[in-house]
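Below, chain A is the first sequence line, B the second, and so on; all start at residue 1. Side-chain atoms are counted along with the backbone in the values below, which use heavy atoms only and exclude waters and symmetry mates.
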Number of protein chains: 2
Amino acid sequence: MPPPTPSNRARIESTAARLFRRNGYTGTGLKQISADAGAPFGSIYHHFPGGKQQLAETVIRSTGREYLDLVLGLLDGDPDPAAAVHRAFEAAATDLAAADYADACTIATVALEVASTDEVLRVATADVFETWVQALAEWFGTWCDSGVARELAQSTIMILEGAFVLSRASRDPEPLLVAGRSMAALVRAAVDQAPPGRPDHGHVRSS
Amino acid sequence: MPPPTPSNRARIESTAARLFRRNGYTGTGLKQISADAGAPFGSIYHHFPGGKQQLAETVIRSTGREYLDLVLGLLDGDPDPAAAVHRAFEAAATDLAAADYADACTIATVALEVASTDEVLRVATADVFETWVQALAEWFGTWCDSGVARELAQSTIMILEGAFVLSRASRDPEPLLVAGRSMAALVRAAVDQAPPGRPDHGHVRSS
DNA sequence: GTCTATAGCATGATAGAC
DNA sequence: GTCTATCATGCTATAGAC
């Protein structure tokens, strides 16, 4: 049972996540994190002896789990996968606009910054994306072949991340809504080709 | 006719573009740019009195034009738009792997970093994306209705940018190849529904 | 253990020598 | 006009007071 007042460490993590998401990894200073979190500077190095890198890795992995739960919660319980995906993108558009286009995806922002400069953090972002792909592929697997499901999962994440980039840049929810329509169309086409449920493995051919 | 040896200014711009692309905007220092370009530090402020921001804006807009020409060159001359899109994604996958997953898209990397912190650069990235969307929409317009064409253009750019994120993070060309297959499927479906050429405006219904 | 003060270094920007 | 030396400020990280 977590204490009613968030711990110092928890505040540092959530503050770091928010600042990384908005200003990037290199664009966020540890001083700013401790100030915004209302925690002394030394607390960061007490809880994260590995410094900025260890804090960022922790944030990437925990944020990855939180986002996954959030998305699966949005998708779950809908009998129509295309409609569920469409709804999820609409929710993302509403949330991003409500956050004044500041809070999109921590992982993607950091991923592009560190892919060529920090191997530890690059691997952390790759692990998070792979977790998302596997979870989403399992979800899509209810309606289609596992190979098709994995590609749908990858495409969903890719077009979502790309839509975040365009929506944040233009301060307009339209790209996210367009992405939702396109992705729903892709899902519907894939599900229509590969009938559900039947434990019929092997190649599927529409003849 | 440009001189055989690139000018100081040109080298600064191309070096900045490369470093922004690999290390991000905040992750790149002006000192590093001048050193890598083999130009004196003062040259940056001589050619770009507005400092780092003006240099970045110049790089964003010129890089935007270069990428557009590159993509249109890849797409042009193919009678089948889905096949052309598929080929373009394959080329992107090959190029990214050849560049050791360092050189993807300057615009997207900078866009996520500055969207909430630098209004001038945010607008520059938004302008570039809108230019791309319009040019691609015109290209798709050869085969389908202009509204459908614009959404295809947006989706192409979004899934490409998202694929860059996943491919760079995982150091694997697969996401780009998956994105190419998904996008080709979307294009084929859209083109099949809305027959080409005929100047028949208004709603299209497949009956 | 919690926190403050500071070291050592890099940054963006500028002033002024040549 | 071209370039160098330097400024003030920010960073990450650490040492050590309490």
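A donor-acceptor contact under 3.5 angstrom links the side chains of A:Asp118 and A:Gln53, judged on distance only.
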Query - Test log, rule side-chain hydrogen bond (donor to acceptor under 3.5 Å, both in side chains), inputs A:Arg122 and A:Thr117 - result: CA-CA 8 Å; A:Arg122 177 192 73 75; A:Thr117 55; over 6 Å; no

Requested in this report: Report the C-alpha distance between B:Arg21 and A:Ser116 in whole Å, list the side-chain angles of each, state the deciding distance to 0.1 Å, and finish with yes or no for side-chain hydrogen bond (donor to acceptor under 3.5 Å, both in side chains).
Outcome: CA-CA 10 Å; B:Arg21 193 164 55 223; A:Ser116 303; over 6 Å; no

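Within residues 30-39 of chain B, the residues having any heavy atom closer than 4.0 Å to DNA chain C are, in order of number, B:Leu30, B:Lys31. Within residues 116-125 of chain B, no residue approaches DNA chain D, by heavy-atom distance under 4.0 Å. Less than 4.0 Å separates DNA chain C from no heavy atom of any residue of residues 12-19 of chain B. Shown for residues 43-53 of chain B: residues whose heavy atoms fall under 4.0 angstrom of DNA chain C, namely B:Tyr45, B:Gly51, B:Lys52.
Salt bridge status for A:Arg87 with A:Asp78: present, with a side-chain N to carboxylate O gap under 4.0 Å. A:Arg150 has a carboxylate O that lies under 4.0 Å from a charged side-chain N of A:Glu130, or vice versa, which qualifies the two as a salt bridge. A salt bridge is defined here as a Lys NZ or Arg NE, NH1 or NH2 lying under 4.0 Å from an Asp or Glu carboxylate O, and A:Asp36 with A:Arg11 fails to meet this definition.
The outermost nucleotides of DNA chain D lying under 4.0 Å from heavy atoms of chain A, listed 5' to 3', are D:dC11 to D:dT14.
Under the 3.5 Å distance criterion, the side-chain polar atoms of A:Thr15 are left unmatched by any main-chain donor or acceptor of A:Ile12. Using a distance-only test at 3.5 Å, with no hydrogens or angles considered, no donor-acceptor pair links the side chain of B:Ser182 to the main chain of A:Ser155. When atom types are taken as modelled, the side chain of A:Asp80 and the backbone of A:Ala82 share a donor-acceptor pair closer than 3.5 angstrom. For B:Ser34 (side chain) and B:Lys31 (main-chain N/O), a donor-acceptor pair under 3.5 Å exists by modelled atom type.
Under the side chain to side chain contact (heavy atoms under 4.5 Å, CB included) criterion, B:Ser14 pairs with no residue, sequence neighbours left out.
Nucleic acid contact class of A:Thr26 (heavy atoms, under 4.0 Å, all strands): none.
Ring-plane geometry between B:Phe41 and B:Tyr45 is classed as tilted, the angle between the planes lying from 30 to 60 degrees on a 0 to 90 degree scale.
A cation-pi arrangement is present between A:Lys52 and A:Tyr25 under the rule of less than 6.0 angstrom and at most 45 degrees off the ring axis. Cation-pi geometry between B:Arg22 and B:Tyr101 is not satisfied (NZ or CZ under 6.0 Å from the ring centre, within 45° of the ring normal).
Counting non-hydrogen atoms of neighbouring residues, nucleotides and ligands closer than 6.0 angstrom, the CD atom of A:Gln32 exceeds 12 such neighbours.
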